[in-house]
2 protein chains.
Amino acid sequence: MEHVFSIGKLAAASGSKVETIRYYEAIGLLPEPERNAGNQRRYSARHYDRLVFILHARDLGLSIDAIRQLIDLSSHPDMPCHDADEIARRQLEDVRQRIARLKLLEAELERTLSDCSHGTIAECKVIETLAQCGACERHQRPPR
Amino acid sequence: MEHVFSIGKLAAASGSKVETIRYYEAIGLLPEPERNAGNQRRYSARHYDRLVFILHARDLGLSIDAIRQLIDLSSHPDMPCHDADEIARRQLEDVRQRIARLKLLEAELERTLSDCSHGTIAECKVIETLAQCGACERHQRPPR
DNA sequence: TATAATTCCTGTAGTCACTAGAGCTTCAAG
DNA sequence: CTTGAAGCTCTAGTGACTACAGGAATTATA
């Protein structure tokens with residue numbers, strides 16, 4: 001006899017939300033569960049497993065689309081692992097880039113804050129710093 | 001005599017996009033520019049400055065709402081700097097948390113990939129890892 | 001067992017910060 | 001003067017949810 005969950009219990013057990021679960025069902029990530037006599041969803045352990053898989057992958061920053069690919073892959077257990085590997089590798093690359101970028105931001109915010117003389121807005125280095133381009137290469141020189 | 005830009009030139013000079021500029025105008029972050037006889041937007045250096053301010057702040061991860069607050073602040077130059085300071089400080093805190101979180105993800109993805117035996121999907125550690133909760137505290141124990 | 005409180009249902013709309021497209025007008029180069 | 005690029009407005013789409021309205025079903029309490 002399997003455990004059977006209401007959507008609320010499944011949300012609580014998995015650490016997600018009722019609305020999110022219904023959303024994952026609507027976009028086809030979670031299979032449609034059985035319904036009881038009163039039309040309420042009744043989930044099994046299989047649903048729990050699938051949901052935890054999705055939540056982990058989301059936590060790791062994978063897009064819904066990447067997760068869909070992984071789920072498709074796992075329904076072909078004879079295929080080589082290469083594609084799943086590739087998805088994880090791309091994600092790792094992405095995460096590393098995000099870290100590098102955020103560290104630059106951290107440094108710039110630290111500088112911005114340490115420069116601030118705590119006077120009035122007119123002298124505020126926070127605003128001033130944002131208004132200028134120090135080492136930034138995004139724009140051309142101001143066109144004066 | 002001031003430089004005057006078309007929206008396309010402003011986009012190119014600032015490193016943003018035409019649509020983004022119109023969007024910032026629509027939500028009230030950029031003041032409405034003058035129009036020429038043919039109803040086309042004509043921007044001045046003031047607009048360029050404001051746009052660069054916004055783009056920098058967005059690059060630093062500030063929300064549109066935080067930027068709006070900073071702009072409001074800067075129109076009251078006599079107020080103390082404290083509020084602007086606080087916005088930057090909160091943002092720094094946020095960036096640091098994001099870095100910490102991403103580093104955990106990086107480690108988990110590295111582990112996932114190094115475990116992968118490159119066999120078939122059935123043995124794929126990438127998928128397996130996502131399906132389990134190793135050290136994760138998000139959910140309760142599986143309810144079997 | 002009756003009622004009250006909670007949970008669940010569907011469907012729609014809202015969020016954020018843009019981005020893309022349709023269908024038209026205006027501008028600039030040759 | 002023609003032609004093609006750039007501009008205009010307005011609407012809808014994106015991703016990944018989140019929130020609400022207005023009911024129906026279930027569960028807890030008296």
Side-chain angles (χ1 to χ4, degrees), chain A residues 4-30 32-44 47 50-71 87 90-91 94 98 101 105 138, chain B residues 4-30 32-44 47 50-71 91 94 98 101 105 138:
Chain A
V4 169
F5 312 84
S6 69
I7 195 167
K9 305 288 182 199
L10 182 62
S14 65
S16 60
K17 295 188 184 177
V18 168
E19 292 81 5
T20 306
I21 294 172
R22 284 200 282 248
Y23 170 71
Y24 287 157
E25 180 185 326
I27 62 171
L29 271 198
L30 267 182
E32 293 182 18
E34 310 274 304
R35 303 285 182 129
N36 72 358
N39 196 36
Q40 300 196 347
R41 291 169 177 84
R42 289 297 173 254
Y43 293 96
S44 70
H47 291 99
R50 167 70 64 92
L51 180 56
V52 166
F53 177 90
I54 296 168
L55 294 173
H56 275 191
R58 290 291 302 135
D59 266 3
L60 288 172
L62 301 213
S63 68
I64 295 285
D65 200 60
I67 296 170
R68 210 188 295 273
Q69 287 174 46
L70 286 176
I71 289 174
I87 290 172
R90 264 205 300 272
Q91 191 55 28
D94 199 83
R98 267 143 67 195
R101 216 174 122 61
L105 302 190
R138 171 168 188 160
Chain B
V4 170
F5 311 83
S6 68
I7 195 168
K9 305 287 182 198
L10 183 62
S14 65
S16 59
K17 294 188 184 178
V18 168
E19 291 81 6
T20 307
I21 294 171
R22 283 199 284 248
Y23 171 72
Y24 286 157
E25 179 185 327
I27 63 172
L29 271 198
L30 266 183
E32 293 183 17
E34 310 275 304
R35 302 283 183 131
N36 71 358
N39 196 36
Q40 301 196 345
R41 291 169 177 83
R42 290 297 172 255
Y43 294 95
S44 71
H47 291 99
R50 168 68 65 92
L51 179 56
V52 166
F53 178 90
I54 296 168
L55 294 173
H56 275 192
R58 291 289 303 135
D59 267 2
L60 287 172
L62 300 214
S63 69
I64 295 284
D65 199 60
I67 295 170
R68 211 187 296 275
Q69 287 174 46
L70 287 176
I71 289 173
Q91 190 56 29
D94 200 83
R98 269 143 67 195
R101 218 175 122 59
L105 302 191
R138 170 168 190 159

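Quick note on labels: first sequence line is chain A, next is B, and so on, each numbered from 1.
- Open room surrounds CD on A:Glu34; 12 or fewer heavy atoms of other groups in view lie less than 6.0 Å from it.
- Counting to the nearest Å, the P atom of C:dT25 and the CG atom of B:Asn39 are 13 Å from each other.
- Remark: A:Arg22 is not in phosphate contact with C:dT10, judged by side-chain N or O atoms under 4.0 Å from OP1 or OP2.
- Residue A:Tyr43 is the one, among A:Tyr43 and B:Gly38, whose nearest nucleotide of DNA chain C lies closer to the 5' end (criterion: closest heavy atom).
- If you measure from atom CG of A:Leu30 to atom C1' of D:dC17, you get 14 Å, rounded to the nearest angstrom.
- The phosphate of D:dC17 has OP1 or OP2 within less than 4.0 Å of a side-chain N or O from A:Arg58.
- Within the nucleic acid shown, B:Arg41 comes within 4.0 Å of sugar-phosphate atoms alone, with no base atom in reach, counting heavy atoms only.
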Criterion side chain to side chain contact (heavy atoms under 4.5 Å, CB included) on A:Arg50 and A:Ile71, from CA distance to verdict: CA-CA 9 Å; A:Arg50 167 70 64 92; A:Ile71 289 174; 3.6 Å; yes

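- The CD1-P distance, from B:Ile21 to C:dC18, rounds to 12 Å in whole Å.
- In this model, the phosphate group of D:dC17 is approached by a side-chain N or O of A:Tyr24 to a distance below 4.0 Å at OP1 or OP2.
- Atoms CZ (B:Arg42) and C1' (C:dT26) sit 9 Å apart, rounded to a whole Å.
- Place A:Gln40 and A:Leu62 on DNA chain D by their nearest nucleotides, and A:Leu62 ends up nearer the 5' end.
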Working for side chain to side chain contact (heavy atoms under 4.5 Å, CB included), residues A:Arg41 and A:His47: CA-CA 11 Å; A:Arg41 291 169 177 84; A:His47 291 99; over 6 Å; no

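- Between A:Thr20 and D:dT18, a side-chain N or O to OP1/OP2 separation shorter than 4.0 Å is present.
- Heavy atoms of B:Arg35 sit under 4.0 angstrom from primed sugar atoms or phosphate atoms, though from no base atom.
- The separation between A:Tyr23 atom OH and C:dC9 atom P is 18 Å, rounded to whole Å.
- With respect to A:Ile21, the side chain to side chain contact (heavy atoms under 4.5 Å, CB included) criterion is satisfied by exactly one of A:Ile54, A:Leu29, A:Leu10: A:Leu10.
- Side chain of A:His56 to main chain of A:Phe53: no donor-acceptor pair is present (N/O by atom type, distance under 3.5 Å, no hydrogens or angles).
- Remark: C1' of C:dC8 and CG of A:Asn36 are 10 Å apart, rounded to the nearest angstrom.
- Counting to the nearest Å, the P atom of D:dA6 and the NZ atom of B:Lys17 are 15 Å from each other.
- The nearest whole Å value for the distance from the CD atom in A:Glu19 to the P atom in D:dA19 is 7 Å.
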